[in-house]
Number of protein chains: 2
Amino acid sequence: MNSRRDVFQAIADPTRRAIIMMLAVGSMTPNALAEQFKTSRQAVSKHLQILTECEIVTQEHQGREIHYHLNAAKMKEIEKWLEQFKKLIAKRFDQLDDVLRNLKNTKR
Amino acid sequence: MNSRRDVFQAIADPTRRAIIMMLAVGSMTPNALAEQFKTSRQAVSKHLQILTECEIVTQEHQGREIHYHLNAAKMKEIEKWLEQFKKLIAKRFDQLDDVLRNLKNTKR
DNA sequence: TTAATGCGCTACCAAATGGTTGCATAAATA
DNA sequence: TATTTATGCAACCATTTGGTAGCGCATTAA
C-alpha cells in the first residue's frame with residue numbers, strides 16, 4: 001500500500017519499461033525520450049522521477065539539459081528474484097521425480 | 001493507467017510475490033496462504049483474483065476448498081523481457097569496445 | 001537584453017490499488 | 001437438521017497512480 005520504490009514497481013508500468021529499454025541503449029534527455037512515445041514530456045518526467053527514486057536511473061546535468069543514465073546493476077534484483085523462483089520450481093519437479101521413482105520401485 | 005493485467009503487474013506487489021513463491025512450492029488454498037501473512041484472508045483472496053486475471057494462477061475446486069495452482073510458464077515473460085534488456089546492454093558495451101579500439105588504433 | 005528552450009514542480013483529476021467489514025453460498029460436520 | 005468452515009463478492013475507504021496544464025527558473029540563442 002505504501003509507496004514502495006523498488007525495481008518491481010519500476011518495471012510495472014509499460015511506459016517505464018520502454019524508457020528503461022531506451023536508456024539501456026544510451027543516456028537521453030526527457031525531451032528526447034518523450035518524442036519516442038505518445039505521452040507528454042511531463043508524463044515522462046514523472047516516470048523518470050519514479051525511476052530515480054527506485055535508483056534505476058541517475059541524473060547528469062549538462063547545461064540546461066539533464067541526461068538520464070541507466071543503473072543497469074539495479075536490474076540484477078529482478079534476475080535474483082527470478083533465480084530464487086526457478087530454484088523453488090526445480091525443487092518441486094525434483095519432488096515429483098522422487099514420487100515417480102517411488103512408483104517405479106514399488107510397482108510389480 | 002487502465003487496469004493492465006500482465007506478469008509485471010502481478011509481481012509489482014510484495015505480498016503477491018510472496019504468494020507466487022508459496023505456490024511455486026505447491027498448490028494452496030486461500031486460507032492456508034493467508035495464515036502465512038499478516039494480512040486478512042480477504043486481502044489474499046483479492047490478490048489471488050488479480051493473479052488469476054494475470055493468468056499466473058489457476059483454480060481447482062475440491063469440495064468447498066479451492067486450490068490455487070501456479071502457471072509457472074507465464075513467468076517466462078519476465079525472463080524474456082530481461083533477456084531483451086540484457087541484449088541491449090551488451091550491445092552498448094560492444095559499442096564502447098569499438099570506441100576503445102578506435103582510440104587505441106589512432107593513438108600515436 | 002530579449003526571446004526561446006529544457007526542465008522541475010505544484011496543483012488538479014479520474015481511475016486503480018490495497019485493504020477492511022459484512023453478507024451470501026456451498027460443503028463438511030455434529 | 002443445525003452449525004461450522006471455506007470461500008467469493010459487493011460496498012466502502014484512504015492512498016497511489018498516471019496523466020494534464022500551467023508557472024517558474026535556469027541556460028542558450030537572437
Val25(A) backbone acceptor or donor facing Arg92(B) side chain under 3.5 Å: no
Could you tell me how far apart [X] ([atom1]) and [N] ([atom2]) are, to the nearest whole angstrom?
| X | N | atom1 | atom2 | answer |
| --- | --- | --- | --- | --- |
| Leu33(A) | dG8(C) | CG | P | 11 Å |
| His47(A) | dT16(D) | NE2 | P | 17 Å |
| Arg5(B) | dA15(C) | CZ | C1' | 12 Å |
| Asp13(A) | dA15(C) | CG | P | 18 Å |
| Phe37(B) | dT20(C) | CZ | P | 14 Å |
| Ile50(A) | dT15(D) | CD1 | P | 18 Å |
| Arg17(B) | dG18(C) | CZ | C1' | 14 Å |
| Glu35(A) | dT5(C) | CD | C1' | 13 Å |

Give every pair of a protein N or O atom and an N or O atom of nucleotides 7-13 of chain D that lie under 3.5 Å apart, one pair per line with the distance.
{"from": "dT7(D)", "atom 1": "OP1", "to": "Ile66(B)", "atom 2": "N", "distance (Å)": "3.3"}
{"from": "dT7(D)", "atom 1": "OP2", "to": "Asn31(B)", "atom 2": "N", "distance (Å)": "3.1"}
{"from": "dT7(D)", "atom 1": "OP2", "to": "Asn31(B)", "atom 2": "ND2", "distance (Å)": "3.0"}
{"from": "dG8(D)", "atom 1": "OP1", "to": "Tyr68(B)", "atom 2": "OH", "distance (Å)": "2.3"}
{"from": "dG8(D)", "atom 1": "OP2", "to": "Ser45(B)", "atom 2": "OG", "distance (Å)": "2.5"}
{"from": "dG8(D)", "atom 1": "N7", "to": "Arg41(B)", "atom 2": "NH1", "distance (Å)": "3.4"}
{"from": "dG8(D)", "atom 1": "O6", "to": "Arg41(B)", "atom 2": "NH2", "distance (Å)": "3.3"}

side-chain contact (heavy atoms from CB on, under 4.5 Å) partner of Ile56(A), the single match among Arg16(A), Lys74(A), Glu77(A): Lys74(A)
What pairs of residues pass the salt bridge (charged side-chain N to carboxylate O under 4.0 Å, His left out) test when at least one of them lies in residues 41-50 of chain B, not counting sequence neighbours? none
Shortest non-hydrogen contact between Ala12(A) and Ala12(B), atoms and distance: CB-CB, 3.8 Å
Which atom names give the shortest non-hydrogen contact between Leu88(A) and Met21(B), and what distance separates them? CD1-O, 3.5 Å
Once side chain to side chain contact (heavy atoms under 4.5 Å, CB included) is applied, do any residues pair with Thr29(B), and if so which ones, sequence neighbours excluded? Asn31(B), Ala32(B), Glu65(B), His67(B)
Should Ser40(B) be listed as having a side-chain N or O under 4.0 Å from OP1 or OP2 of dT20(C)? yes
At 4.0 Å (heavy atoms only), tell me whether Gln9(A) reaches a base, stays on the sugar-phosphate, or touches nothing. sugar-phosphate
